[in-house]
Trainee: 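I have a structure I would like to understand better, so I am pasting it below and will then ask my questions one at a time.
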Amino acid sequence: MDGYAGVWILAEQKDGRIQRISHELLTRGRALADKRGAPLTAVVLGWRVAQPDLDDLIARGADRVLLVDDERLAHFLPDSFAACLGHLIRTERPEIIIAGATSTGRTLMPLVAVQVGAGLTADCTILDIEEGSGHLLQTRPAIGGNILATINCPDHRPQMATVRPRSTPVALPAAGRKGEIVRTGAVAEALESRVVRISFEETGEENELGEADVVVAVGRGIKRAENLKLVQPLVQALGAALGASRDVIDRGWLSYPHQIGLSGKTVNPKLYIALGISGAIQHLAGMQTAETIIAVNSDPDAQIFKVADYGVVGDLFEVVPALAQQLQRMGGR
Amino acid sequence: MKIIVPIKQVPETSAVRMDEATGTIVREGAKAIVNPLDLYAIETALMIKEAQGARVTALTMGPPSAINALKEAVAMGCDDALLLTDKRFAGADTWSTSYVLACAIRKLGIPDLVICGERATDGDTGQVGPGVAGWLGLPVLSYIAGVELPEGGRMRVRRMVEDGYEVLETPLPALLTVVKEVANPRLPTLRGKQRAKKLEIPVWKPEDIDAEVVNLGLKGSPTRVVKIHRPKVGRACEKLPAGDAAALDAASRKLAAVIVGTGVL
Ligand SMILES: Cc1cc2nc3c(=O)[nH]c(=O)nc-3n(C[C@H](O)[C@H](O)[C@H](O)COP(=O)(O)OP(=O)(O)OC[C@H]3O[C@@H](n4cnc5c(N)ncnc54)[C@H](O)[C@@H]3O)c2cc1C
Ligand SMILES: Nc1ncnc2c1ncn2[C@@H]1O[C@H](COP(=O)(O)O)[C@@H](O)[C@H]1O
């Protein structure tokens, strides 16, 4: 399609610092831009974004940083972010735009897609360029991870996708990489938001699950809330985030932000350890893409073993302390 | 106050089976249910209705059988319902779906609130809610985990994000997408079921909502599914017995070595 060129990633910032997802998107964006023979632009919407972080985007693969820096963009608000991004798209006409499948990207991108008449694919895990046509191929898990669907968008531009966090490594900085930082203003009305942000409550620990490299998850096999403390030494030794099956949440043993699965969070850690979890399809939907999966279950036929790389058939109350001890002996944390 | 709740009928996920030969989903025999995450949207609307009075309308675009999802919403306490069904709607992606829902909502009259689920468990995109807001020009508040009652044409909500909760305030009308934490969905009541059985649910076509046919269905959808394949099913699980002390010791040594090998320590 004529008149559209260039690959964009939507960088995310928090308190003026560029977030990890942006560096993952640079990995994706660089590969696509190279295949298209096109420049890679990182769009940054924020306020007082740290200069070293902007330079770093270039070191990690961006040819250009397109920055709108305004107090009213300090925090994500759909009205102003969509208006700014929409304005940039209409004036610059990029061919491809990718954003993180985060609370920001998953809200902003559908809003903008509708405004600019573009197709959008959610939560992709593989992105590629189709030989010949040059279309963006967007692959995503569907139906609880049971199938992978590959989607394209032949007749509309830009082609838009959100990308699952942690589904690719971050782009590493290369010394001496050159690029330009373009500060651009936004039309004044684009910065207005009807929704106002009153306050923010940081929850830290419990919401870190989606970002964690190691997740230790407990199921009903833990039997009661007090037993959670038996898992703590293992969690600490691994520097892990604690997750759970829905049964554990429904019983009130842990709060909802800990829930992993279809109606909870999707995690994609390097290591997932499932303790006393049967492996219902709804649970698997939230964790089966983890790099390495270890399961401990007393039932040799438990479904969880079907997605596990290593399965200990045994009592978690024996296995967990033994493993924690072993790790400590080896000088873990 | 008027509230519209768009809901979707989805196959029950635990019943989804795969055709091993073709790698496609076997839809026959899979029970259709109300998207579980939409129950929280319905509940949020009903909570507001109970506290300060509201007319709650459930809305769906789907096959004729999707009327059952609407009946369930009515049985839970929604006042009325609207089904959008037509061959020309079929095969819509989220862009086209949100267009159709927006047309219908405009035709019904923009309510004070549109409340969507976080995402549908089959398509799993979460794009339709913000898309509808985009078409209607409404403020969108996504991932809402708590609501305060509307007051003086404004409303406060708690939005769940990766590292915490934002407290946001919006003028009405507005569109919310809600997460599970927002409420505990009630069960349909006997009286509600009787009402649902009797209620005439209108069925509308593109003409009834002034929808442009070029934006409808598969043809009107920017995205195309070009390939469906099955990811590697399961993994070759290496089973480690831990029945006695020696086995337990061997298993924990093995696991520790595996963990070291992943490079996470
Ligand atoms: C619409 C819908 C959405 C859902 N969404 C989710 C979701 O997001 N996340 C989710 O997790 N679930 C979800 N579920 C629920 C899901 O179907 C299962 O009910 C749930 O995952 C089971 O949790 P569990 O594995 O902890 O419990 P159980 O199925 O009861 O399994 C407990 C396991 O622990 C083992 N065990 C017991 N004692 C020990 C011991 N001492 N040592 C070792 N092993 C032991 C048992 O062998 C058993 O396999 C959903 C269901 C529906 C219908
Ligand atoms: N066909 C539909 N009819 C009515 N509402 C829908 C439909 N599809 C999606 N929705 C609404 O949009 C939300 C998000 O769906 P999705 O974007 O498909 O994951 C759902 O929870 C529903 O509230």
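Keep in mind that what you see is a predicted model, and the values were worked out from it rather than measured. Below, chain A is the first sequence line, B the second, and so on; all start at residue 1.
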Trainee: If you apply the rule side chain to side chain contact (heavy atoms under 4.5 Å, CB included), what do you find for B:L248 with B:D244, and how did you get there?
Mentor: CA-CA 6 Å; B:L248 183 64; B:D244 55 54; over 6 Å; no
Trainee: Which of the residues A:D213, A:D123, A:T102 is involved in the greatest number of heavy-atom pairs with chain B at under 4.5 angstrom?
Mentor: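 Looking at each option in turn, the highest pair count goes to A:T102.
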Trainee: Could you check whether B:T94 and B:T125, counting side-chain N and O atoms only, form a donor-acceptor pair closer than 3.5 Å?
Mentor: no
Trainee: Evaluate the salt bridge (Lys or Arg N to Asp or Glu O under 4.0 Å) criterion for residues B:R158 and B:E166: first the C-alpha distance (whole Å), next the side-chain angles of each, then the deciding distance (0.1 Å), finally the verdict.
Mentor: CA-CA 6 Å; B:R158 257 161 73 84; B:E166 298 175 334; over 6 Å; no
Trainee: We want to know whether B:T223 and B:D93 form a side-chain donor-acceptor pair, criterion being a heavy-atom distance below 3.5 angstrom.
Mentor: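 Yes - a donor-acceptor pair under 3.5 Å links their side chains.
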Trainee: Using a 4.5 angstrom heavy-atom cutoff, name the option from B:T170, B:V140, B:N215 with the most pairs to chain A.
Mentor: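 Highest number of pairs under 4.5 Å: B:V140.
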Trainee: Non-hydrogen atoms of chain A under 4.5 Å away: do they reach the side chain of B:L255, the backbone, both or neither?
Mentor: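 Answer is both: backbone and side chain atoms of B:L255 are under 4.5 Å from chain A.
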Trainee: Could you look at A:L108 and say if it's the side chain, the backbone, both or neither that has a heavy atom under 4.5 Å from chain B?
Mentor: neither
Trainee: So which of B:A236, B:A102, B:G243 has the biggest tally of heavy-atom pairs under 4.5 Å with chain A?
Mentor: B:A236
Trainee: Sort out for me which of A:G311, A:A122, A:G314, A:A324 touches chain B most, counting heavy-atom pairs under 4.5 Å.
Mentor: A:G311
Trainee: For the interface with chain B, which of A:T162, A:T292, A:V312 has the highest count of heavy-atom pairs at distances below 4.5 Å?
Mentor: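 Of A:T162, A:T292, A:V312, A:V312 has the most heavy-atom pairs under 4.5 Å with chain B.
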Trainee: Taking side chain as C-beta onward, heavy atoms only, is B:V34 less than 4.5 Å from B:Q9?
Mentor: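 No, too far: nothing below the 4.5 Å cut-off.
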Trainee: Who pairs with A:A83 by side chain to side chain contact (heavy atoms under 4.5 Å, CB included), at least two apart in sequence or on another chain?
Mentor: A:A190
Trainee: Of the backbone (N, CA, C, O) and the side chain (C-beta and beyond), which part of A:V319 lies under 4.5 Å from a heavy atom of chain B, both, or neither?
Mentor: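 Both parts, backbone and side chain.
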Trainee: Using non-hydrogen atoms only, which part of A:L137 is less than 4.5 Å away from chain B: side chain, backbone, both, or neither?
Mentor: side chain
Trainee: Heavy-atom distance under 4.5 Å to chain B: side chain of A:P269, backbone, both or neither?
Mentor: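 For A:P269, no heavy atom lies under 4.5 Å from chain B.
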Trainee: Where on A:L323 is there a heavy atom nearer than 4.5 Å to chain B: the side chain, the backbone, both, or neither?
Mentor: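 Both backbone and side chain.
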Trainee: Could you tell me which portion of B:L175 (side chain, backbone, both or neither) has an atom closer than 4.5 angstrom to a non-hydrogen atom of chain A?
Mentor: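 Nothing of B:L175, per the 4.5 Å heavy-atom cut-off to chain A.
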Trainee: Looking only at side chains, do A:T266 and A:R164 share a donor and an acceptor under 3.5 Å apart?
Mentor: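 No, because no side-chain N or O of A:T266 sits under 3.5 Å from a partner of the opposite role on A:R164.
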Trainee: Any chance you could lay out the side chain to side chain contact (heavy atoms under 4.5 Å, CB included) test for A:S103 and B:E162, step after step, and finish with the verdict?
Mentor: CA-CA 7 Å; A:S103 59; B:E162 285 73 8; 2.7 Å; yes
Trainee: Okay, side chain of A:K265, backbone of A:P257: is any donor-acceptor separation there less than 3.5 Å?
Mentor: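 It does hold such a pair.
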Trainee: Which atoms of B:V225 come close to chain A, meaning under 4.5 Å heavy atom to heavy atom: side chain ones, backbone ones, both, or neither?
Mentor: both
Trainee: Under a 4.5 Å heavy-atom cut-off, does chain B meet the side chain of A:T104, its backbone, both or neither?
Mentor: backbone
Trainee: Tell me, side chain or backbone of A:T289 under 4.5 Å from chain B's heavy atoms, or both, or neither?
Mentor: backbone
Trainee: Heavy-atom distance under 4.5 Å to chain A: side chain of B:V132, backbone, both or neither?
Mentor: neither
Trainee: Contact part of A:E291 toward chain B, heavy-atom cut-off under 4.5 Å: side chain, backbone, both or neither?
Mentor: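 Backbone only.
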Trainee: In sequence, state the C-alpha distance, the side-chain angles, and the governing distance for B:Y165 and B:E181, and then conclude on side chain to side chain donor-acceptor pair (under 3.5 Å).
Mentor: CA-CA 12 Å; B:Y165 294 90; B:E181 219 173 272; 2.8 Å; yes
Trainee: Under the side chain to side chain contact (heavy atoms under 4.5 Å, CB included) test, which residues partner A:V114, sequence neighbours left out?
Mentor: B:W95, B:S98, B:W135
Trainee: Specify which of B:G137, B:A251, B:P130 makes the most heavy-atom pairs with chain A at under 4.5 Å.
Mentor: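 Ranked by heavy-atom pairs under 4.5 Å with chain A, first place is B:P130.
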Trainee: Heavy-atom distance under 4.5 Å to chain A: side chain of B:P241, backbone, both or neither?
Mentor: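 B:P241 touches chain A through backbone heavy atoms alone.
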Trainee: Is the charged tip of B:K254 near the ring of A:Y310: under 6.0 Å from the six-membered ring centre and within 45° of its axis?
Mentor: no
Trainee: With respect to chain B, which residue among A:Q325, A:E130, A:E318, A:Q115 yields the maximal number of heavy-atom pairs within a distance under 4.5 Å?
Mentor: A:E318
Trainee: Chain B: which of A:I293, A:D315, A:V214 shares the most heavy-atom pairs with it under 4.5 Å?
Mentor: A:I293
Trainee: Shorter than 4.5 Å, heavy atoms on both sides: which option in B:T262, B:L37, B:V157, B:V226 has the most such pairs with chain A?
Mentor: B:V226
Trainee: Please check if the number of heavy atoms outside B:E151 that lie under 6.0 Å from its CD is greater than 12.
Mentor: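 Count not over threshold, so no.
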Trainee: Side chain from CB out, backbone as N, CA, C, O: work out which of these in B:A256 comes under 4.5 Å of a heavy atom of chain A, or both, or neither.
Mentor: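 Interface part for B:A256: both.
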Trainee: Top residue by heavy-atom pair count (under 4.5 Å) with chain B, among A:M109, A:R197, A:R194, A:Q159?
Mentor: A:R194
Trainee: Mind running side chain to side chain donor-acceptor pair (under 3.5 Å) on A:T150 and A:T139 for me, showing each step along the way?
Mentor: CA-CA 4 Å; A:T150 301; A:T139 300; 2.9 Å; yes
Trainee: Which region of A:A118, side chain (C-beta onward) or backbone (N, CA, C, O), has a non-hydrogen atom less than 4.5 Å from a non-hydrogen atom of chain B, or is it both or neither?
Mentor: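 For A:A118, the contact with chain B is made by the backbone alone.
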Trainee: Begin from the C-alpha positions of B:S142 and B:R159 and carry the test side chain to side chain donor-acceptor pair (under 3.5 Å) through to its verdict.
Mentor: CA-CA 7 Å; B:S142 56; B:R159 176 170 187 259; 3.2 Å; yes
